[in-house]
Amino acid sequence: FVSNFQKNFDLKAANLKEMLEKAIESNNLVVGNRYFPRNMLLIFTEEYESEVRKSLENLFNEKIDVANRIDKFEQDMEDLTERRNKRLGSDDSSFIGLRFTSLLLSSRYPTKYYAIKASEYKRFIKIKERAVFSSKGMTKIKIKDNIKADARNLLSLYLSMIIPPR
């Protein structure tokens with residue numbers, strides 16, 4: 001998935017939709033039972049190409065804090081969903097959340113970011129909270145408030161917990 005994305009992704013492509021169809025392979029990471037973020041991104045690209053291009057440029061702009069980029073991208077996709085739903089009189093979902101957004105980031109910058117599955121991340125946070133709250137001498141911290149700031153460290157810790165040492 002990552003090598004294909006790296007090989008085909010080009011934000012300057014004349015046909016953004018065609019490029020995204022090639023770059024984001026259709027597999028279980030982006031298509032599932034009632035989970036269609038790839039399809040929705042392609043639909044948005046067809047209907048709102050300049051907005052999607054701008055959102056992707058922002059998402060991949062390393063000069064901006066990653067948490068802000070993720071929030072902005074997800075909000076942009078929700079805004080496009082609302083515009084589309086209003087125009088069509090429908091109540092569709094974008095399916096574009098942290099899971100898909102983090103997959104895009106990790107495909108673009110594989111040595112820097114990791115794809116996050118929210119249910120697994122929540123499980124990890126519970127483990128992390130228990131470790132913090134049970135450690136002698138540690139004060140209770142507000143994990144919710146610190147997740148974005150500590151995301152990279154937490155993800156490294158999470159990966160060290162699930163990937164056996166070599």
Would you give the length of the straight line joining atom [atom1] of [X] to atom [atom2] of [Y], rounded to the nearest 0.5 angstrom?
X: Leu56; Y: Asn61; atom1: CG; atom2: CG; answer: 12.5 Å
X: Leu59; Y: Asn68; atom1: CG; atom2: CG; answer: 12.0 Å
X: Glu46; Y: Glu18; atom1: CD; atom2: CD; answer: 12.0 Å
X: Glu74; Y: Thr101; atom1: CD; atom2: OG1; answer: 4.0 Å
X: Asp10; Y: Lys7; atom1: CG; atom2: NZ; answer: 14.0 Å
X: Ile64; Y: Asn58; atom1: CD1; atom2: CG; answer: 4.0 Å

Can you name the side-chain contact (heavy atoms from CB on, under 4.5 Å) partners of [X], sequence neighbours left out?
X: Arg53; result: Leu11, Leu16, Glu49, Glu57
X: Asp79; result: Gln75
X: Ser90; result: Asn85, Leu88, Asp92
X: Ile43; result: Met40, Glu47, Arg84

Checklist entry - Given the rule that I, L, V, M, F, W and Y join up when any side-chain heavy atoms are under 4.5 Å apart, are Phe100 and Tyr109 in one cluster? => result yes
Checklist entry - Does the side chain of Leu42 reach to within under 4.5 Å of the side chain of Glu21, using non-hydrogen atoms? => result yes
Item to check | All pairs passing ring-ring contact (aromatic ring centres under 6.0 Å, His included) where residues 63-89 contributes a residue, at least two apart | outcome: none
Checklist entry - Does atom NZ of Lys17 have more than 12 heavy-atom neighbours, drawn from other residues, nucleotides or ligands, at distances under 6.0 Å? => result yes
Item to check | Qualifying residues under side-chain hydrogen bond (donor to acceptor under 3.5 Å, both in side chains), relative to Asn8, sequence neighbours excluded | outcome: Asn4
Item to check | Qualifying residues under salt bridge (charged side-chain N to carboxylate O under 4.0 Å, His left out), relative to Lys54, sequence neighbours excluded | outcome: none
Checklist entry - By salt bridge (charged side-chain N to carboxylate O under 4.0 Å, His left out), which residues pair with Glu82, not counting sequence neighbours? => result none
Checklist entry - Any sub-3.5 Å donor-acceptor pair from Arg69's side-chain atoms to Lys63's backbone N or O? => result no
